[in-house]
Protein chains: 2
Amino acid sequence: MLKLTKRAEYGLTALVHLTDHAGDVVSAREISEHYRLPHRLVGEALKDLCRAGHLQSLRGPAGGYRLARSASSLTVGEVIAAIEGAPALPECDAMALVDLGFDSLADCDVESRCPIRSPLHRIQEDIWRQFERTTLEELAAPDFSLIPNRNVAKTTLSASA
Amino acid sequence: MLKLTKRAEYGLTALVHLTDHAGDVVSAREISEHYRLPHRLVGEALKDLCRAGHLQSLRGPAGGYRLARSASSLTVGEVIAAIEGAPALPECDAMALVDLGFDSLADCDVESRCPIRSPLHRIQEDIWRQFERTTLEELAAPDFSLIPNRNVAKTTLSASA
DNA sequence: TCTATTAGCACTAAATTAGTGCTATTTGAT
DNA sequence: ATCAAATAGCACTAATTTAGTGCTAATAGA
Ligand code: SF4
Ligand code: SF4
C-alpha cells in the first residue's frame, strides 16, 4: 500500500537521531530504547547503512555508529537504496510495451521512443526523484508548514479517541 | 518496498487508456485483453473507481466504463485513494512522540507543537502531495524529459539480456 | 577474561496482496 | 421470452513480502 518497510523506517529514524547528535557515537541499543523500537531490527538497518558507507561503526563496549558523511549531503534516496536494496525501478509493464507495439523488452529501442508510457513507472520515477533530492538535514528539521495541510494529526487523533 | 498494488497499477493503466479514448465506453475485458492483464482484477479496480465517482459504468452487452470527469481534474491521489482505500496516512510513529515527550497519541496537542518530527510521516506527506498534484492528463502524456535521466530502460534491458 | 558491541545469515510467523469463485443484476440482441 | 455479455459485490485461497528473532562470530574496552 505504498509504504516503506520497518527497516527503512527505523533506519531513517536512527539517522535523524544521529543527525541531531552529529559527531557522537550512538549504539543501536540506545536508539532502540529511546524510541522503543525492536533492538535487533534497528541493528539490521544500521548495519546496511554502514555497509553502504553512510555510517561509520565502532565495535566493542562503548561502540556504536556515527555519521560518515554530512547530513546535508546524504539523501533519503541513498538511505532507502541502502536498506531496501532496489532503487525501486521495476520491470517495464504492460502498457508501455503494448502501446508501442512491442512484444517483449528486447524489442525496446529506448533512444528513439517510449518515454515511459506507463503510469507505474512514471509515478515511481516521481517518488524517487523526490527521495534523491531530500537530504537528511531537511528531514531532521521540523517543518511547520505541514500543520495546516490535510489535518494529519487531527484525523489521527479523532480516530484514536 | 514502496510500490503500488497491482490493483492500483491496473486502475491507472485503465484510466490512462480511457483518457486516450475520452468519451468512448470501454469494457474491462477490452482493456485487459489489450494490455494482457488479468481480466477480473482490472474489473475490481474499475469498480472501485466507479464507486468513487471517477468513472461512469454502463451494464449489459456493449456496456463498460467511461470517464465521469475530465482527465485534467482527476488526480493520481484520488485514483489511488479510491483503489487502495487509505490516503496512506499512518499512525504517528515512535520518533515524533518520544521526541516531544509524549507517552501516547492522546497527549499530542498538535496546534502548538510537533510538525511531524517523524521521517516516515514526512516522506509519505511528500509522496502524497505529489500524487495530489499530478493529474491523469499529465500522466497520460509521454514525458520525453525522462529518457536522459537515471537510464531506467538501459538498466532494465541489460539486466534482462 | 568478561562483557557489550557490531556483522552476517538463516529462519519462522505474521501480514499483505494477487487472483479467482460464485452469485446477482442489468440490458441489448435474437 | 430468452440468451449472452457486461458490471456489482464479496469471500476465499495461494503466493509473496515483511517483521522479528535465533544463532554464531569478530572486535575491543574494562
Ligand atoms: S502532530 Fe506529531 S506528535 Fe502529534 S500525532 Fe501527528 S506526528 Fe504524532
Ligand atoms: S523505455 Fe519504455 S518500453 Fe522501453 S523498457 Fe522502458 S518503459 Fe518499457
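Naming: A, B, ... by sequence-line order, numbering from 1 per chain. Note that the structure is predicted; figures quoted are calculated from it, not measured.
Protein atom CG of L49(A) is 13 Å distant from nucleotide atom P of dT6(C), rounded to whole Å. We find that CG of L46(A) is positioned 15 Å from P of dG20(D), with the value rounded to whole Å. When rounded to the nearest whole Å, the span between CD of Q56(A) and P of dT27(D) equals 17 Å. One can place CG of D48(B) at 14 Å from P of dT17(C), the figure rounded to the nearest angstrom. In this structure, CD of E84(A) is placed 10 Å from C1' of dT18(D), rounded to the nearest angstrom. Between R66(B) atom CZ and dT7(D) atom P the separation is 13 Å, expressed in whole Å. Atom-to-atom, NZ of K6(B) to P of dT16(D) comes out at 12 Å; the value is rounded to the nearest Å. Following rounding to the nearest Å, L55(B) (CG) and dA6(D) (P) show an atom-to-atom distance of 17 Å.
Considering only side-chain atoms of P38(A), the nucleotide from dT21(D), dA8(D), dA18(C) that sits closest is dT21(D). Listed candidates were dT20(C), dA8(D), dG19(C). Nearest to the side chain of E44(B) is dT20(C).
Judged purely by atom type and a 3.5 angstrom limit, H54(A) has no side-chain atom pairing as donor or acceptor with the backbone of C50(A).
In this structure, the side chains of S27(A) and Y65(A) stay at 4.5 Å or more apart for every pair of heavy atoms. Within the 4.5 Å cutoff, side-chain heavy atoms of I123(A) are placed close to those of L12(B). Using a 4.5 Å heavy-atom threshold, the side chains of T134(A) and Q130(A) count as touching.
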Trace of the salt bridge (Lys or Arg N to Asp or Glu O under 4.0 Å) decision for R133(B) with E138(B) | CA-CA 10 Å; R133(B) 67 166 188 257; E138(B) 287 162 2; over 6 Å; no
Can you check side chain to side chain contact (heavy atoms under 4.5 Å, CB included) on L74(B) and T19(B), steps first, answer last?
-> CA-CA 10 Å; L74(B) 182 55; T19(B) 299; over 6 Å; no
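Within the 4.0 Å cut-off from OP1 or OP2 of dG20(D), at least one side-chain nitrogen or oxygen of Y10(A) is found. Under 4.0 angstrom from either OP1 or OP2 of dA7(C) there lies at least one side-chain N or O belonging to Y65(A). Listed pair S57(A) / dA7(C) meets the phosphate criterion, a side-chain N or O lying under 4.0 Å from OP1 or OP2. For dG9(D), the OP1/OP2 oxygens have a side-chain nitrogen or oxygen of R51(B) closer than 4.0 Å.
Under the side-chain contact (heavy atoms from CB on, under 4.5 Å) test applied with I127(A), the options L4(B), L2(B), D126(B) reduce to a single match, L2(B). Remark: of the listed residues E132(B), Q124(B), E125(B), E132(B) is the sole one forming a side chain to side chain donor-acceptor pair (under 3.5 Å) with W128(B).
Heavy atoms of G64(A) sit under 4.0 angstrom from primed sugar atoms or phosphate atoms, though from no base atom. Using a 4.0 Å heavy-atom cutoff across all strands shown, L58(B) reaches sugar-phosphate atoms only and no base atom.
Across every non-hydrogen atom of V42(A) and A28(A), the tightest pair is CG1-O, 4.2 Å.
Taken residue by residue, residues 22-30 of chain A places no heavy atom nearer than 4.0 Å to DNA chain D.
Between E44(B) and K6(B) there is no salt bridge, since no side-chain N of the basic residue sits under 4.0 Å from a carboxylate O of the acidic one.
Nearest-nucleotide assignment on DNA chain D puts the 5′-proximal partner with R7(B), out of R7(B) and H39(A). Nearest-nucleotide assignment on DNA chain C puts the 5′-proximal partner with G43(A), out of G43(A) and L41(B).
One donor-acceptor pair, N or O on each side, does fall under 3.5 Å between the base of dG9(D) and the side chain of K47(B).
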Nucleotide N/O to protein N/O under 3.5 Å, stretch nucleotides 23-26 of chain C:
| unit_1 | atom_1 | unit_2 | atom_2 | d |
| --- | --- | --- | --- | --- |
| dT25(C) | O2 | R59(B) | NH1 | 2.8 |
| dT26(C) | O4' | R59(B) | NH1 | 3.1 |
| dT26(C) | O2 | G60(B) | N | 3.4 |

